[in-house]
Amino acid sequence: MNFIEELTWRGMIHDMMPGVGEMLEKKMGVGYVGIDPTADSLHIGHLVGVMMLKHFQRCGHKPIALVGGATGMIGDPSGKSQERNLLSEETLRHNQESIKQQLSRFLDFDSDAPNAAELVNNYDWMKEISFLAFIRDIGKHITVNYMMAKDSVKKRLNSEASEGMSFTEFTYQLVQGYDFLYLYQHKNCTLQMGGSDQWGNITTGTELIRRKTDGEAFALTCPLITKADGGKFGKTESGNVWLDRRYTSPYKFYQFWLNVSDADAEKYVKIFTFLSQEEIALLTQQQQEAPHLRPLQKALAREVTIMVHSEEDYVSAVEASNILFGNSTSDQLKKLDEETLLAVFDGVPQFEVSHSVFTEGIKAIDLLVEKCPVFPSKGEMRKLVAGGGIAINKEKLMDSERLFVTNDLLNNQYLLVQKGKKNYYLLLVK
RNA sequence: GGGCAGUUACCAGAGUGGCCAAAUGGGGCAGACUGUAAAUCUGCUGGCGACGCCUACGGUGGUUCGAAUCCAUCACUGCCCA
């Protein structure tokens, strides 16, 4: 199965320029995806682009990951109704380094194969260019009329936008277009991929290549990942879902995928895993027969957690989930030995508190708001207690004034706080 | 430089002298039902020692018994003209 066929059945093609398939049939293609280094870790929103590159490489083509050190300094106006904050060069440098390391987990950069992946940073070639040279050699080839016709620009220019658009952001598409031109000339790269919001920026690149070198280059975009209920993909109550375990623990990561709704599960399995068409068809069928077992979500969570983290992380995430979401009771919880307990709660937010406060007893509300900031305010906690939303050691807390003493601790040193069904906090008593 | 419009809670957005911790919608959190899903229904959504107090409607100063609301001034944003 070739690259285009593969992406097509996975539902990963939103739009592409005619001729991409033919071009890739003839020879080994070189294609790239750009990544903005806005943080020092990728999040799952970036994963789609990474998956495209992986498929690209698997099909024998050469993927290039472009870290946007230069473009990151400008900020892409696509999909943004507001002007971006600029990042400092220092921050960007740091972010680029971290991102490089993450990417090397997914793509093969080191082999001697002709299609080994490559990592480039557009800052490396942009930094040398003078403004004058840029507007003379590049700007001359693209008209403002052309640039204004782009959706991303039009949206910001109509008077309903709450903010204007700076020249800096307006220039963005040209800078990105130049990246493509540069890669076309220096790396023989003839394909740029990205999310569907990138279509405008990418075609500015192909246009530039055509006008300046009379060459041919292509654009291919994948659909923006959405959720069936219209919410933003990749966000949880605590923000982005990151690939870096320092920001999103493997447990949380696993839980994110497990919690995907039925309506989205099949779509995500196709995009974020390498499971075959047959395997997915089977899972989908099982899902229909026994939806409560959630075979699709489980497979999705397994594959992605293993890919991003590791087999061991996956196993412990499952174990933790079974204990937290199984029907375990307070008694069962007390029987757990310390090692298991800690393993289970690895990745759950933890708080430390001194042992002495329990010797005389402490009110739940003082403990969880003042001694350790599990809840942001007392009012908040009272409301949750009144609504039956808090459990301690798997027992519902009925009264926020209830006293807690040494006897309530698990293994004499832990206290498990639960907010709602899915949020756990562990108090370490020292 | 000139003219106009604007700045209210997480977001959008009403309120134009006391009835305002501020309508409504969205989002978020929690509860019920479930399958850790969706849909639906309910409650909450500034803080606290809580029938009260404190802090808050861009900043500052003023008018007034009383200001998100009126005046002055500054800052910021958008649109138009030069």
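Here is the naming used below: chain letters follow the sequence lines, and residue numbers restart at 1 for every chain.
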**Report entry** Results of salt bridge (Lys or Arg N to Asp or Glu O under 4.0 Å) for A/R382 - residues two or more places apart only
**Finding:** none
Requested in this report: For nucleotides B/A22 and B/A68, find the distance between their P atoms and express it as a whole number of Å.
Outcome: 13 Å
Query - All salt bridge (Lys or Arg N to Asp or Glu O under 4.0 Å) counterparts of A/E370, not counting sequence neighbours - result: A/K378
**Report entry** Separation between the C1' atoms of B/U63 and B/C70, rounded to whole Å
**Finding:** 8 Å
Requested in this report: Considering only atom C1', compute the distance from B/C54 to B/C20 and round it to an integer number of Å.
Outcome: 16 Å
Requested in this report: For B/U69 and B/A23, measure between their C1' atoms and round to the nearest Å.
Outcome: 15 Å
Taking only distance into account, with no hydrogens and no angle test, what donor-acceptor pairs under 3.5 Å do side-chain atoms of residues 129-147 of chain A form with protein atoms, sequence neighbours excluded?
from   : atom 1 : to     : atom 2 : distance (Å)
A/S130 : OG     : A/A133 : N      : 3.0
A/H141 : NE2    : A/D137 : O      : 3.2
A/T143 : OG1    : A/Y146 : N      : 3.0
A/Y146 : OH     : A/K150 : NZ     : 3.1
A/Y146 : OH     : A/T203 : O      : 3.3

**Report entry** Partners meeting ring pair (Phe, Tyr, Trp, His ring centres under 6.0 Å) with A/F218 (sequence neighbours left out)
**Finding:** none
Query - Pairs satisfying salt bridge (Lys or Arg N to Asp or Glu O under 4.0 Å), at least one member in residues 396-409 of chain A, at least two apart - result: A/K363-A/E401, A/R402-A/D408
Query raised in the report: Does the A/E279 side chain pair with the main chain of A/S276, one donor and one acceptor, at a distance under 3.5 Å?
Result: yes
**Report entry** Rounded distance (Å) that lies between atom P of B/C48 and atom CE of A/M381
**Finding:** 12 Å
**Report entry** Partner residues of A/E352 under the salt bridge (Lys or Arg N to Asp or Glu O under 4.0 Å) criterion, sequence neighbours left out
**Finding:** A/K430
Report task. Enumerate, in order of first residue number, the stems that involve RNA chain B, defined as 3 or more consecutive Watson-Crick or G-U wobble pairs with both distances under 3.5 Å. Result -> B:1-7 with B:75-81, B:10-12 with B:24-26, B:27-32 with B:40-45, B:46-48 with B:52-54, B:58-62 with B:70-74
Report task. Using the C1' atom as the reference point in each nucleotide, state the distance between B/C19 and B/A67 in Å, no decimals. Result -> 15 Å
Query raised in the report: B/G13 and B/G6: how far apart are their C1' atoms, nearest whole angstrom?
Result: 13 Å
Report task. Could I get the full list of salt bridge (Lys or Arg N to Asp or Glu O under 4.0 Å) partners for A/R245, not counting sequence neighbours? Result -> A/D313
Query raised in the report: Does any pair with a residue in residues 282-293 of chain A pass side-chain hydrogen bond (donor to acceptor under 3.5 Å, both in side chains), and if so which ones, sequence neighbours excluded?
Result: A/Q285-A/E289, A/Q287-A/Q297
Query raised in the report: Using a cut-off of 4.0 Å between protein heavy atoms and nucleotide atoms, how would you tag nucleotides 30-42 of chain B 5' to 3' with B, S and -?
Result: SSS-BBBBSS---
Query raised in the report: With rounding to whole Å, what would you report as the distance between B/A50 and B/A21 at their C1' atoms?
Result: 14 Å
Grab the N/O contacts between the protein and nucleotides 49-53 of chain B below 3.5 Å, and write none if there aren't any.
from  : atom 1 : to     : atom 2 : distance (Å)
B/G49 : OP1    : A/K378 : NZ     : 2.6
B/G49 : OP2    : A/R382 : NH1    : 3.4
B/G49 : OP2    : A/R382 : NH2    : 3.4
B/A50 : N6     : A/R382 : NH1    : 3.0

Requested in this report: Could you list all the side-chain hydrogen bond (donor to acceptor under 3.5 Å, both in side chains) pairs where at least one residue sits in residues 43-58 of chain A, not counting sequence neighbours?
Outcome: none
**Report entry** Distance, P atom - from B/G3 to B/C57, rounded to whole angstrom
**Finding:** 29 Å
Query raised in the report: A/V369 or A/K227: which one's nearest nucleotide on RNA chain B is closer to the 5' end?
Result: A/K227
Report task. Report yes or no: does A/N393 contribute a side-chain atom to a donor-acceptor pair with the main-chain N or O of A/E395 at less than 3.5 Å? Result -> no
